[in-house]
A.B. asks: 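One structure coming up, written as structure tokens, with questions to follow.
In listed order, ligands and their atoms are each counted from 1. Values below: all heavy atoms of this structure, side chains included; hydrogens, waters and symmetry mates excluded.
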Amino acid sequence: MRAIRGRVLTFLRAPRGAGDAQSYRYIEDGMVVVKGGRIEAAGPTAELTAQLPAGIPVEHFPDLLIMPGFIDPHIHYPQTQVIASYGAQLLEWLEKYTFVEEQKFADPAHAARNAEFFLDELARNGTTTAVAYCSAHPGSAEALFTAAHNRNAGMIAGNAVMNRHGPPGLLAPAGTAIADSRDLIRRWHGKGRQRYAVTPRFAITSTDEQLAELGALLAEFPTVLMQTHLAENLNEIATVKKLFPSDPSYTAVYARFGLLGPRSLLGHCIHLVRDEIALLRDTRSVAVFCPTSNLFIGSGLFDYDGLAAAGVRIALATDVGGGTSYSMLRTAAEAYKVMQLQGQNLPALAAFDLMTRANAEALGLEKEIGAISPGAFADLVVLDPRATPAMAHRMETVRDLEEELFVLMTLGDDRAVRQTYIAGEPALRSAIASA
Ligand code: GUN
Ligand code: ZN
């Protein structure tokens, strides 16, 4: 049991624009009481200290913000040595850099080392849950689940299943992919905090037969999630048209194989036509906005307002290593810019809601993570809005919480993360001021 004291902020529902003070709960001198890895209570320090049993350690972060840990709903753990690869758009980038690195994950020792690095880096950036693509090798998912389980960190992951248009080292031998995925589901889905996501890499790298099998697998396990890529790049879309000539659209390919639905996370969703948007809305699938990746690989601009107005569910993610930062703060800053280029706005309240509550809701995990409320896991991030000289200097002119949050997302990164708690345990070694 422990108590964490500071400025507590958590979202209650999606903000209806800037200034929506009903969308969050903010406690200037607040306390989060943690017991058995979960949040026991949260409220004003003056009320909670009276009820605390004697001798409970209180970690005090004066002036810092305590928020639910960030959630990254689209990231590739075998791409930590692909990030920052020069000069290519999607299909060339995959062949020249990504498929080369991912083949190295056939080696369990390489996978284990990278899984530890990946989880360390997420924690350093305040991210407590991620939905991760693994490499094609089932052993890569095994390595990530094992490392996450040992830390009691709630991860969702799946090995990226492919059987064509990739190097032989990444293509599942006929008849093995589904058995391997099913085996991973049985071993890891629901073990501790781990969950499985059926992961066709994208339509180009699977035959009809494999997509059908993956759709059947998803139907067989009603709580397993699904992640894939959709309509990221124009050459990708042209290739899908050639490979699936009888389907009316890229999105329709996934629909035909039963891969859309409320548990389905579709990365990118940039170049969609009207019928595809309707398919996403009608199936309650989630479009995952990956701004740093979309800018870096030159894929295009995600139409946030258009998809939201059409009733499509939206999440926000890094997509490392196409994405260029592990930080959800950096990701929100780039989301803001992508929207600015289209005459749209991303209020800071909406950005922080996305990184926490809304991303949890997109995963169907809003009761477990993404909020500081009793019963939820004590996955928390402690943020310092004065982490750098430039931030501290800018903070001198900040007038209210919303402006502070905007400065934090625009200028902040891993340097603003003072501590990350995973199931109530500090994940970083940085100094903690004890009251
Ligand atoms: N489409 C298929 N695979 C990938 C990948 O690894 N990254 C991105 N950004 N898009 C993809
Ligand atoms: Zn991706």
A.B. asks: Under 2.8 Å from the Zn ion (ligand 2), is there an N/O/S atom belonging to D319?
C.D. replies: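 Yes.
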A.B. asks: Are W188 and F145 close enough that their ring centres sit under 6.0 Å apart?
C.D. replies: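 Centroid distance W188-F145: below 6.0 Å, so yes.
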A.B. asks: Does H268 have a non-hydrogen atom less than 4.0 Å from ligand 1?
C.D. replies: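 The answer is yes: ligand 1 sits under 4.0 Å from a heavy atom of H268.
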A.B. asks: Under 4.0 Å, heavy-atom basis, I'd like to know which part of L94 is in contact with ligand 1: side chain, backbone, both or neither.
C.D. replies: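 The part of L94 near ligand 1 is the side chain, not the backbone.
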A.B. asks: Would one find an N, O or S atom of C290, in either backbone or side chain, under 2.8 Å from the Zn ion (ligand 2)?
C.D. replies: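 No - counting backbone and side chain alike, C290 has no N, O or S atom under 2.8 Å.
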A.B. asks: If the Zn ion (ligand 2) is the vertex, what is the angle to NE2 of H74 and NE2 of H229, rounded to 10 degrees?
C.D. replies: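 Value returned, to the nearest 10°, is 100°.
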A.B. asks: Set out, in order, the CA-CA distance, both residues' side-chain angles and the distance that settles side-chain hydrogen bond (donor to acceptor under 3.5 Å, both in side chains) for T283 and S285, then state yes or no.
C.D. replies: CA-CA 5 Å; T283 56; S285 303; 2.7 Å; yes
A.B. asks: Which label fits H74 and H229: parallel for a plane angle under 30°, tilted from 30 to 60°, or perpendicular past 60°?
C.D. replies: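 Because their plane-to-plane angle is over 60°, the rings of H74 and H229 count as perpendicular.
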A.B. asks: Are any of the N/O atoms on E102, whether in the backbone or the side chain, positioned under 3.5 angstrom from an N/O atom of ligand 1?
C.D. replies: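 E102 vs ligand 1: no N/O contact under 3.5 Å.
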A.B. asks: To check your reading of the model: name the closest protein heavy atom to atom 3 (N) of ligand 1, its residue, and the distance in Å.
C.D. replies: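 Of every protein heavy atom, R201 NE, 2.9 Å lies nearest to atom 3 (N) of ligand 1.
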A.B. asks: Enumerate the atoms of ligand 1 whose separation from the nearest heavy atom of F202 is less than 4.0 angstrom.
C.D. replies: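 With F202 as reference, the close atoms of ligand 1 come out as 1 (N), 2 (C).
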A.B. asks: What I want to check is whether the side chains of E59 and Y421 have a donor and an acceptor closer together than 3.5 Å.
C.D. replies: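 Judged by distance alone, the side chains do pair up.
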A.B. asks: Under 3.5 Å, is there a donor-acceptor pair between the Q79 and E102 side chains?
C.D. replies: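 Short answer, yes.
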A.B. asks: Taking atom CD of E95 as the centre, report whether more than 12 heavy atoms of other residues, nucleotides or ligands fall under 6.0 Å from it.
C.D. replies: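 Atom CD in E95 is not packed in, count stays at 12 or less.
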A.B. asks: Strictly under 2.8 Å, is the Zn ion (ligand 2) approached by any N, O or S atom of H76?
C.D. replies: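 An N, O or S atom of H76 is closer than 2.8 Å to the Zn ion (ligand 2), so yes.
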A.B. asks: With a 4.0 Å heavy-atom cut-off (strictly under), which part of I204 contacts ligand 1: side chain, backbone, both or neither?
C.D. replies: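 None of I204 does.
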A.B. asks: Give a yes/no on ligand 1: does W93 have at least one heavy atom closer than 4.0 angstrom to it?
C.D. replies: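 Right, W93 reaches ligand 1.
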A.B. asks: If I apply the N/O under 3.5 Å rule, does T98 come out as touching ligand 1?
C.D. replies: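 It does not: no N or O of T98 is found under 3.5 Å from an N or O of ligand 1.
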A.B. asks: Would you mind listing which atoms of ligand 1 come within a distance below 4.0 Å of any non-hydrogen atom of D319?
C.D. replies: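 Numbered from 1, ligand 1 contributes 8 (C), 9 (N).
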A.B. asks: Do N294 and H268 get their side chains close enough for a donor-acceptor pair, meaning under 3.5 Å?
C.D. replies: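 Checked: N294/H268 side chains pair up, N/O donor to acceptor below 3.5 Å.
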A.B. asks: Does R193 make a cation-pi contact with F377 (under 6.0 Å, within 45 degrees of the axis)?
C.D. replies: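 Here R193 passes the 6.0 Å and 45° test against F377.
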A.B. asks: What protein heavy atom is closest to atom 10 (N) of ligand 1, reported as residue, atom name and distance in Å?
C.D. replies: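 The answer is E232 OE1, 2.7 Å.
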A.B. asks: Looking only at the side chains, is there a donor atom on one of N163 and T207 sitting less than 3.5 Å from an acceptor on the other?
C.D. replies: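 Yes, T207 and N163 have a side-chain donor paired with an acceptor closer than 3.5 Å.
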